[in-house]
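Notes to accompany the following structure.
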There are 2 protein chains.
Amino acid sequence: MRFLMTFAYDGTNFHGYQKQLKARTIQSTIEAELTKLNSGEKVIINASGRTDAHVHALGQRAHFDLVKNIDPERLKRSINKLLPDDIYVLNIEEVSQKFHARFDVKSKEYIYKINIGPYNLFDRNYCYQYNAPLDIVEIERALQYLEGTHNFKAFTKVDEAKENYERTILKTSLIRDNEDPNQLTLSFLGTGFLRYMVRNMVGTLIEIGEGKRKAEDIILILESMDRKKAGKTAPPEGLYLKNVFYE
Amino acid sequence: MRFLMTFAYDGTNFHGYQKQLKARTIQSTIEAELTKLNSGEKVIINASGRTDAHVHALGQRAHFDLVKNIDPERLKRSINKLLPDDIYVLNIEEVSQKFHARFDVKSKEYIYKINIGPYNLFDRNYCYQYNAPLDIVEIERALQYLEGTHNFKAFTKVDEAKENYERTILKTSLIRDNEDPNQLTLSFLGTGFLRYMVRNMVGTLIEIGEGKRKAEDIILILESMDRKKAGKTAPPEGLYLKNVFYE
C-alpha cells in the first residue's frame, strides 16, 4: 500500500531533512517511527525534496509503502503519537503505486519571513531578525524580474553541478502583516527550486532593499550565471516550505 | 550607580529565573555578563520576582549597582551584545539608591496563552497546546470571582509556607485573537502573586471551561484555602510576566 503524507516540522533542532549518519534529521526520525507501525519492516519515505538545516515546513509531502493496509486516519493518529513534538503529520491519504512524491511535483511554494522591526526573541528561530528598515517598493520591483523561466545558476550553491539550471517562477509576492507591518513574508511559487536558490534570491533582494543594488540588477545576475554576482545567502530560520502541488 | 533594567526572555532553555548551582538560569546568565562591564566586580541583580522553568517574560524588571557611571543607552547596547539570543534588554534607566525592584512593586501583569485550535508545533514552547474547545463564557464568568482581595492559599504551591496569603487581583481579562479566535490570552493584573498562583488559577479555569466545574466553584475553592480543592497546575510554557509597575 502506498501512502502520501503531508507534514509540518520545526527545523530548529534538526540537521536538515535528509538522512545522515549520527545526526538528528527529519527523514530518519519519521522513518524510525513508521517502521514501528510496519511490523518492523524498514520504511523509506520519499519526500518532494529535501530542506536544509533549520529550515521549516508547513506542508512538506512524502510517499511511502507499508506492507499492510492501515486506515489513513488511524495511521495519522498513531504516527503523531510516536513522533516528537517538532514534527506533526497533517494528513495521510492512499495513493496509486505509480505516484511519486518527488517526480510528480507540479509546483512548490516557499515563503521567507523577515522582521524589519525591533528584535523579537520569541521569533528568533522562525523569522530572520534583520531588525532594520528595507525599501519594500524596490524589493517588490525586483521580485518581478525573478518571475518567469530563467537559468538560475547564479542563485544556486557554487559546487552544485546540475544538468539543467532552468526553472520557472510562476508567482512571487511580498506581504506585510496586518497587525505588524514590520513582519514581511516573501512568497515564491515555482515549478522547482535549486539548492539554496530561495535563500540566495532573498539575500540579493535584501541588498536591493538596502539600496546597495537596483531591482534591474536581477537581470544582470541571472544572465551572468555566476554565483559571485548574486547576494549573500539569507539565514535558514526564515525559510518555510509551505506547499507542494501535484497533478 | 543604581540602574533599573527592563528585559524579555524566552524561558524555554532556562531552569527558571533564580540562580542555581550548575543550571543555566536567567539571573546567573545576566550577572555573568554585567560583571564583565563592571571592571570585573561581581554584579548582583535584584528582580521584581522570580519566574519558574520554561516561563517567559516580556517585561521583567531588575535593579543592580555598578561601580562607575555608564550611560544607560550605551550600557543597554553593550549588555545586549554580550547576552545570548534568548534574553534581550529593552531598557535601562538610572534610579535612586533607595529604589528596590522587588520591594517597590505596585502591581504586576501576567498573561497566559492557550491554543484551543489544532496543534501548532511552532508555538509549542510559547503557548499551552490544549487543542480542544473550551467554554469561554463560563471561563469569563469565573474570572470575575478571582478579582478582588482574597486569601489565595488554595492556589499556591502546597509546601509554600507564607505569613500572608492575601493578594489583590485588580483586573482580569480573556482576549481571543482577531485573526485566529482559537488563540486565547488570559490576563491577570494584581498587587502580587504567590508561587504557581497564576498557573493554578489557569488550571482551574480550564476545568471550568471543560464543564467539570462551575464558575461559582472559585468562591468555594478560595474559602477552602486547600490546594487540593483547586485544579491542576497549567504547564509553564503558556505563562509570561508581561509588566511590572512601580510608584
Side-chain angles (χ1 to χ4, degrees), chain A residues 6-14 26 29-30 54-60 76-77 79-91 111 113 115 117-132 175-181 183 185 235-242, chain B residues 6-14 26 29-30 54-60 76-77 79-91 111 113 115 117-132 175-181 183 185 235-242:
Chain A
T6 308
F7 55 110
Y9 46 83
D10 174 347
T12 308
N13 298 317
F14 289 102
I26 293 132
T29 303
I30 296 177
H54 310 301
V55 172
H56 314 293
L58 298 168
Q60 170 67 289
K76 179 191 145 183
R77 281 195 303 274
I79 187 70
N80 275 328
K81 271 182 207 145
L82 293 171
L83 287 170
D85 63 1
D86 45 3
I87 303 180
Y88 186 66
V89 174
L90 298 159
N91 188 57
I111 60 169
K113 297 189 186 185
N115 173 18
Y119 179 63
N120 180 342
L121 86 171
F122 296 101
D123 236 8
R124 69 194 185 283
N125 296 322
Y126 306 111
C127 178
Y128 174 30
Q129 298 297 314
Y130 181 76
N131 306 132
I175 292 167
R176 306 187 72 162
D177 187 81
N178 273 334
E179 293 197 8
D180 181 357
Q183 305 301 319
T185 303
E237 66 271 16
L239 185 61
Y240 295 71
L241 173 57
K242 189 176 175 189
Chain B
T6 309
F7 54 111
Y9 45 84
D10 174 347
T12 308
N13 298 318
F14 289 104
I26 294 133
T29 303
I30 297 177
H54 310 301
V55 172
H56 313 293
L58 299 168
Q60 170 66 289
K76 179 191 144 181
R77 281 196 302 272
I79 187 71
N80 274 330
K81 271 181 209 146
L82 294 171
L83 286 171
D85 65 0
D86 47 0
I87 303 180
Y88 186 66
V89 174
L90 298 159
N91 187 58
I111 59 169
K113 296 190 187 184
N115 174 16
Y119 178 63
N120 180 341
L121 87 170
F122 297 100
D123 235 10
R124 69 191 186 284
N125 297 321
Y126 306 111
C127 177
Y128 174 29
Q129 298 297 314
Y130 182 74
N131 307 129
I175 293 168
R176 305 187 74 162
D177 186 81
N178 272 336
E179 293 199 9
D180 180 358
Q183 305 301 319
T185 302
E237 65 271 17
L239 186 62
Y240 295 71
L241 172 57
K242 188 177 177 187

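Predicted, not measured: the structure shown is a model, and the values here were computed from it. Worth knowing before you read on, the calculation uses all heavy atoms, side chains too, and leaves out hydrogens, waters and symmetry mates. Throughout, a chain's letter reflects where its sequence line sits, starting with A, and its residues are numbered from 1.
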- Apply the test salt bridge (Lys or Arg N to Asp or Glu O under 4.0 Å) to residues A:Asp10 and B:Arg124: give CA-CA distance (whole Å), side-chain angles for both, the deciding distance (0.1 Å), then the verdict. CA-CA 10 Å; A:Asp10 174 347; B:Arg124 69 191 186 284; 2.8 Å; yes

- Could you walk me through whether A:Asn120 and B:Tyr88 pass the side-chain contact (heavy atoms from CB on, under 4.5 Å) test, one step at a time? CA-CA 9 Å; A:Asn120 180 342; B:Tyr88 186 66; over 6 Å; no

- Part of A:Phe122 within contact of chain B (heavy atom distance under 4.5 Å): both

- Task: Under 4.5 Å heavy-atom distance to chain B, tell me which part of A:Ile87 shows up: side chain, backbone, both or neither.
- Result: backbone

- Look only at the side chain of A:His54 and the backbone of A:Asn125, and say whether a donor-acceptor pair between them is shorter than 3.5 Å. no

- Task: Apply the test side-chain contact (heavy atoms from CB on, under 4.5 Å) to residues A:Tyr9 and A:Gln60: give CA-CA distance (whole Å), side-chain angles for both, the deciding distance (0.1 Å), then the verdict.
- Result: CA-CA 8 Å; A:Tyr9 46 83; A:Gln60 170 67 289; 3.4 Å; yes

- Message: Against the six-membered ring of A:Tyr240, is A:Lys113 placed for a cation-pi contact (under 6.0 Å from the centre, within 45° of the normal)?
- Response: yes

- Choice from A:Leu58, A:Asp86, A:Asn178 maximising heavy atom contacts with chain B below 4.5 Å: A:Asp86

- Note on the structure: Scored by heavy-atom pairs under 4.5 Å with chain B, the best of A:Asn80, A:Asp85, A:Leu90 is A:Asp85

- Query: B:Tyr126 versus chain A, heavy atoms under 4.5 Å apart: side chain, backbone, both or neither?
  - Reply: side chain

